[in-house]
Amino acid sequence: MALSDRSRESLLPSFLYTSSARSFAAAARLPVSAPAPAAVGGGGAPIPIQAPAEKIEMYSPTFYAACTAGGIASCGLTHMAVTPLDLVKCNMQIDPAKYKSISSGFGVLLKEQGARGFFRGWVPTLLGYSAQGACKFGFYEFFKKYYSDIAGPEYAQKYKTLIYLAGSASAEVIADVALCPFEAVKVRVQTQPGFARGLSDGLPKFVRSEGALGLYKGIVPLWGRQIPYTMMKFASFETIVELIYKHAMPVPKSECSKTTQLGISFAGGYIAGVFCAIVSHPADNLVSFLNNAKGATVGDAVKKMGLVGLFTRGLPLRIVMIGTLTGAQWGIYDAFKVMVGLPTTGGVTPAPAEAELKASA
């Protein structure tokens with residue numbers, strides 16, 4: 001079935017992903033012949049289809065800045081939006097006797113704190129996860145390119161999953177350093193009524209109580225939660241999206257509309273998010289426990305919660321929350337990239353050189 005002119009103009013073929021290829025395509029403006037019935041007044045005359053104007057050169061400083069901005073919008077807004085779910089989850093982890101289930105947890109919060117209580121801790125959530133998202137997505141794009149260059153074209157393609165894993169892990173180490181102080185205050189505000197109203201009074205009170213280094217008391221469990229989560233988030237997303245384009249779509253990615261591509265980004269992100277929640281949940285329980293109790297240790301958490309509780313307490317709610325969260329994050333991130341003229345993430349076809357070699361063979 002022929003595509004409309006508007007649909008054609010919205011395409012971003014994968015062979016235009018590199019800056020050199022984009023420059024060549026822009027200069028050449030190669031025509032694409034339309035079917036005869038679609039022509040107007042000129043019979044079967046070819047209709048020139050111009051590729052979308054790329055505003056940002058791939059892997060330039062501006063490219064990484066755009067990815068950083070996309071990460072801020074992606075993570076900050078989505079985490080703030082699910083603050084009520086996060087609030088119930090944290091309290092279920094800390095006080096399961098009182099917060100026995102998702103529905104009863106919302107009921108307890110509504111009764112004790114009113115509707116406004118559902119968004120307690122939204123400021124440290126917004127700022128903390130905006131900082132984390134900036135580092136997570138910005139440095140992931142940087143490290144993915146960096147490790148690919150070290151491996152070389154052949155090994156980068158052969159071991160692409162390892163590159164996704166290494167790039168995302170490297171990025172998350174940095175991202176968690178930015179997140180940790182905000183996460184510590186957020187958990188304390190959300191699980192200890194009366195501790196503070198939010199970040200402005202909660203941060204100085206936390207520092208007076210436990211010192212500035214106390215803000216990083218949970219950094220190791222946070223790495224334990226976030227690094228496996230992020231490795232799963234990026235590697236599984238890239239793999240799932242590639243499989244969707246390869247096996248579920250009737251046409252290549254370059255022939256899919258931007259709306260379709262963003263829908264695939266959301267679907268791939270949601271599926272990846274389910275895996276992320278399962279992998280990172282034990283460490284999430286540890287982070288909540290350690291940030292809630294002064295002087296608590298990992299051993300104390302395991303002793304009180306038990307191994308089974310460590311893996312399962314609050315898990316169903318977290319699967320729903322993280323699945324939706326991750327799907328929305330990838331959707332927003334890729335929508336931002338499209339808005340500034342960049343391709344969506346994942347599902348990239350072979351590079352031009354490889355395609356030309358195959359065609360000439």
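When reading the values below, keep in mind they use all heavy atoms of this one structure, side chains included, and skip hydrogens, waters and symmetry mates.
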Margin query: Does D149 form a salt bridge (Lys or Arg N to Asp or Glu O under 4.0 Å) with K145? I'd like the steps, not just the answer.
Written below: CA-CA 6 Å; D149 289 344; K145 176 69 164 59; 2.7 Å; yes
Checklist line | Residue pairs fulfilling salt bridge (Lys or Arg N to Asp or Glu O under 4.0 Å) with at least one residue in residues 150-163, sequence neighbours excluded | finding: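 Pairs touching residues 150-163 that pass the test: K160-E242.
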Checklist line | All pairs passing salt bridge (Lys or Arg N to Asp or Glu O under 4.0 Å) where residues 274-283 contributes a residue, at least two apart | finding: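 Checked against salt bridge (Lys or Arg N to Asp or Glu O under 4.0 Å) - neighbours excluded - no pair reaches residues 274-283.
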Item checked: More than 12 heavy atoms of other groups within 6.0 Å of Y159 OH ->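 Not more than 12 within 6.0 Å, no.
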Exercise answer: donor-acceptor pairs, residues 272-280 side-chain atoms, under 3.5 Å, sequence neighbours excluded:
unit_1, atom_1, unit_2, atom_2, d
S280, OG, C276, O, 2.8
S280, OG, R318, NH1, 2.9
S280, OG, R318, NH2, 3.2

Next item on the list: Only pairs at least two apart or in different chains count here, so list each side chain to side chain donor-acceptor pair (under 3.5 Å) that has a residue in residues 176-185.
Entry: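 Residue pairs passing side chain to side chain donor-acceptor pair (under 3.5 Å), neighbours aside: Y129-E183, E183-R225.
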Margin query: Is the ring pair F142/F139 parallel, tilted or perpendicular, if the boundaries are 30 and 60 degrees?
Written below: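 If you compare the ring of F142 with that of F139, the planes turn out perpendicular.
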Notebook entry, point to check: Counting N and O atoms only, with roles assigned by atom type, does the side chain of T78 sit under 3.5 Å from a partner on the main chain of C75, one being a donor and the other an acceptor?
Noted result: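 Present.
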Notebook entry, point to check: Would a distance-only check, ignoring hydrogens and angles, find a side-chain to backbone donor-acceptor pair under 3.5 Å from D95 to N91?
Noted result: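 No: the side chain of D95 does not pair with the backbone of N91.
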Notebook entry, point to check: Looking at residues at least two apart in the chain, or sitting in another chain, which of them share a side chain to side chain contact (heavy atoms under 4.5 Å, CB included) with S170?
Noted result: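 Per chain and number, S170 pairs via side chain to side chain contact (heavy atoms under 4.5 Å, CB included) with F143, Y147.
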Checklist line | With sequence neighbours excluded, residues passing side chain to side chain contact (heavy atoms under 4.5 Å, CB included) with L199 | finding: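 By the side chain to side chain contact (heavy atoms under 4.5 Å, CB included) rule, L199 matches V123, P124, L127, F182, V185, L203.
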Item checked: Residues forming a side-chain hydrogen bond (donor to acceptor under 3.5 Å, both in side chains) with S130, sequence neighbours excluded ->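 Once residues adjacent in sequence are excluded, S130 has no partner under the side-chain hydrogen bond (donor to acceptor under 3.5 Å, both in side chains) criterion.
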Margin query: K98: which residues meet the side-chain hydrogen bond (donor to acceptor under 3.5 Å, both in side chains) condition with it, sequence neighbours left out?
Written below: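 Checked K98 against side-chain hydrogen bond (donor to acceptor under 3.5 Å, both in side chains); matches are E112.
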Checklist line | ring-ring contact (aromatic ring centres under 6.0 Å, His included) partners of F63, counting only residues at least two apart | finding: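 Expected list: Y59.
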Listed once per pair and sorted, the ring-ring contact (aromatic ring centres under 6.0 Å, His included) pairs that draw on [range], sequence neighbours left out:
range: residues 227-253; answer: F137-F234, Y140-F234, F234-W330, F237-W330
range: residues 281-312; answer: none
range: residues 90-110; answer: F106-F118

Next item on the list: Could you tell me whether the side chains of K337 and T345 share a donor-acceptor contact shorter than 3.5 Å?
Entry: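 Their side chains do contain a donor-acceptor pair, which is all the 3.5 Å distance test asks for.
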